[in-house]
Asker: 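Sending over a structure as structure tokens; questions will come in a sec.
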There are 2 protein chains.
Amino acid sequence: MTPHPRRRRRGDDRREQIIDEALKAFADNGYRSTSIAEIADRCGLSQPGLLHYFPNKAALLEAVLDYRDRLDYDRLGFDQELHGKDALLRLAQLVDHNMHVPGLVRLFTVLTSEAVTADHPAHDWALNRYRDLQEFLAGALRAGIADGSIRREIDPAAVARQVFAMMDGLQLQWLVDPDNVDMAALFRAYIDELIAYIA
Amino acid sequence: MTPHPRRRRRGDDRREQIIDEALKAFADNGYRSTSIAEIADRCGLSQPGLLHYFPNKAALLEAVLDYRDRLDYDRLGFDQELHGKDALLRLAQLVDHNMHVPGLVRLFTVLTSEAVTADHPAHDWALNRYRDLQEFLAGALRAGIADGSIRREIDPAAVARQVFAMMDGLQLQWLVDPDNVDMAALFRAYIDELIAYIA
DNA sequence: GTCTATATAGCGATAGAC
DNA sequence: GTCTATCGCTATATAGAC
């Protein structure tokens, strides 16, 4: 209450609110089908009122994606230099958690698929996101090979791609039919078998 | 040339042409972002001219999905009662082939992700498609268990879901970054390991 | 910082002429 | 079978008042 003008500026709150509502809206209907007027409305703003904070729709999308990446990377422990199996188990934990935030999962899934066309404003984001995730896991697997906990014959880059493919594919099936797909259990079963295979 | 009016009606050609162009357009930009005027234009038709063949946009989408399903199910040999490993190898062949038809793959990927919201006109299609595919493969795996070529401990329904998850996830990565993702090789490696594991 | 008003463009669908 | 014309609606973005 009584927001002190020196430290807690109103503008920053508005920005956060807009990003939050935009995230939900993009997750529900994708980027192209969501109007900024609808997002503005959910914030109790007029459409030009929203455009006071973001110059255009693409800039708003970018802010949403930055926010989402920060959440995910924090949860993954991106910087923590995890070794092979630890990184895989961390991913299984992430999928467990994702079942409680369907909105975020839907945002990622809808946007990534929408962004497969090269001219989409989120195409570079999708490309870099896969590269980052793949390098994170491939690095962890290489570390596991180095310390002898993972067999030398396995291909870290290929396994990394397969793991994220399984994760995304299960997310898609879960989103389409949430009551009949236990995403976390299916992913954990895959990870357990994979760990047994690569050890 | 010189189309005989009795057998080869012009209207059927037009319908096929419209479906073909609609498929490409939906694959490029999704359903919601594609206008029927744009599809009509690619066919050398006006927008009301197109609506002479399909009463509305959703009906056109349905025709496109029917067409796509027919292509896929034919290629899978849906009716042929394949046993365990044969069905898995057939899927690997399908992924090989898919690398030559990126448009069809994109159609499926973009539409399925768009259709995760329950009100989307393709939502039921996506749901039934996964159910059909999952039952096809789960049935084949059960047949493999029955004839002793697959271990009794494996869960046919779970493995079937995982296999299609891997397929879809690799498709997504391939579409985002075609030059750096060898979808067919990654899927075949997964299938080979899976066959070794379940045998 | 937020508004009203508006410019400009696109959408799906229908009516009716040829 | 295909067109022009048009309705009613929605979109992004800008101009300018308060």
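In this text, all values refer to a predicted model and were calculated from it rather than measured experimentally. Each chain gets a letter, A, B and so on, in the order the sequences are listed, and its residues count up from 1.
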Asker: Run the side-chain donor-acceptor check on residues 151-159 of chain B: report pairs under 3.5 Å with partners two or more places apart or on a different chain.
Answerer:
| unit_1 | atom_1 | unit_2 | atom_2 | d |
| --- | --- | --- | --- | --- |
| B/R151 | NE | B/E153 | OE1 | 3.2 |
| B/R151 | NH1 | B/Y197 | O | 2.4 |
| B/D155 | OD1 | B/A157 | N | 3.1 |
| B/D155 | OD1 | B/A158 | N | 3.3 |

Asker: Determine which pairs satisfy ring-ring contact (aromatic ring centres under 6.0 Å, His included) with at least one residue from residues 122-171 of chain A, sequence neighbours left out, and list them in order.
Answerer: A/F78-A/F136
Asker: Within this structure, what is the CG-to-C1' distance between A/L50 and C/dT4, rounded to whole angstrom?
Answerer: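 Checked: the CG to C1' distance equals 16 Å.
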Asker: Over its full length, what angle do the end axes of the helix from C/dG1-D/dC18 to C/dC18-D/dG1 make, each axis taken from five pairs and the result rounded to 10 degrees?
Answerer: 0°
Asker: For the side chain of A/Y53, counting heavy atoms from C-beta on, which of C/dT2, D/dC3, C/dC3 is nearest?
Answerer: C/dT2
Asker: Taking only residues two or more places apart in sequence, or in another chain, which ones meet A/F26 in a ring-ring contact (aromatic ring centres under 6.0 Å, His included)?
Answerer: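 For A/F26 the ring-ring contact (aromatic ring centres under 6.0 Å, His included) partners, ignoring immediate neighbours, are A/Y31.
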Asker: Restricting to non-hydrogen atoms, name the atom on A/E114 and the atom on A/T117 that form the minimum distance, rounded to 0.1 Å.
Answerer: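 Closest pair (atom of A/E114, atom of A/T117, distance): O-OG1, 3.5 Å.
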Asker: For the side chain of A/L51, counting heavy atoms from C-beta on, which of D/dT2, D/dT14, C/dA13 is nearest?
Answerer: D/dT14
Asker: Under the salt bridge (Lys or Arg N to Asp or Glu O under 4.0 Å) definition, can you give me all pairs with a residue in residues 180-190 of chain A, not counting sequence neighbours?
Answerer: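 Qualifying pairs: A/D96-A/R188.
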Asker: Please check if any side-chain donor atom of A/Q134 sits under 3.5 Å from a side-chain acceptor atom of A/R131, or the reverse.
Answerer: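 A/Q134 vs A/R131: no donor-acceptor pair found between side chains.
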Asker: Can you check the B/D41 CG to C/dC11 P distance for me, whole Å?
Answerer: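 Going from CG in B/D41 over to P in C/dC11 covers 10 Å.
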Asker: I need the full list of ring-ring contact (aromatic ring centres under 6.0 Å, His included) pairs touching residues 169-189 of chain A, with sequence neighbours left out, sorted by first then second residue.
Answerer: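 The answer is none; no pair qualifies.
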Asker: Under 4.0 Å between a side-chain N/O of A/S46 and OP1 or OP2 of C/dC3, yes or no?
Answerer: yes
Asker: Within the sub-3.5 Å range, which N or O atoms of nucleotides 5-11 of chain D have a protein N or O partner, and how far apart are they?
Answerer:
| unit_1 | atom_1 | unit_2 | atom_2 | d |
| --- | --- | --- | --- | --- |
| D/dA11 | OP1 | A/S35 | OG | 3.0 |

Asker: Is the phosphate of C/dT2 approached by A/H52 (side-chain N or O, under 4.0 Å from OP1 or OP2)?
Answerer: no
Asker: May I have the distance from B/R14 (atom CZ) to D/dC3 (atom C1'), rounded to whole angstrom?
Answerer: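 Interatomic distance, CZ of B/R14 to C1' of D/dC3: 12 Å.
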Asker: How close or far is atom P of C/dG1 from atom CG of A/D13, stated in whole angstroms?
Answerer: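 For the pair A/D13 CG and C/dG1 P, the rounded distance is 12 Å.
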Asker: In whole Å, I'd like the distance from the CG atom of A/L45 to the C1' atom of C/dT4.
Answerer: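 The distance from CG of A/L45 to C1' of C/dT4 comes to 14 Å, rounded to the nearest Å.
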Asker: Could you pull out every donor-acceptor pair under 3.5 Å between side chains of residues 97-108 of chain B and any protein atom, sequence neighbours left out?
Answerer:
| unit_1 | atom_1 | unit_2 | atom_2 | d |
| --- | --- | --- | --- | --- |
| B/H97 | ND1 | B/R75 | NE | 3.4 |
| B/H97 | NE2 | B/R75 | NH2 | 3.3 |
| B/R106 | NE | B/A27 | O | 3.3 |
| B/R106 | NH2 | B/D28 | OD1 | 2.9 |

Asker: Listing request: all side-chain hydrogen bond (donor to acceptor under 3.5 Å, both in side chains) pairs with a residue in residues 55-65 of chain A, at least two apart in sequence or in separate chains.
Answerer: none
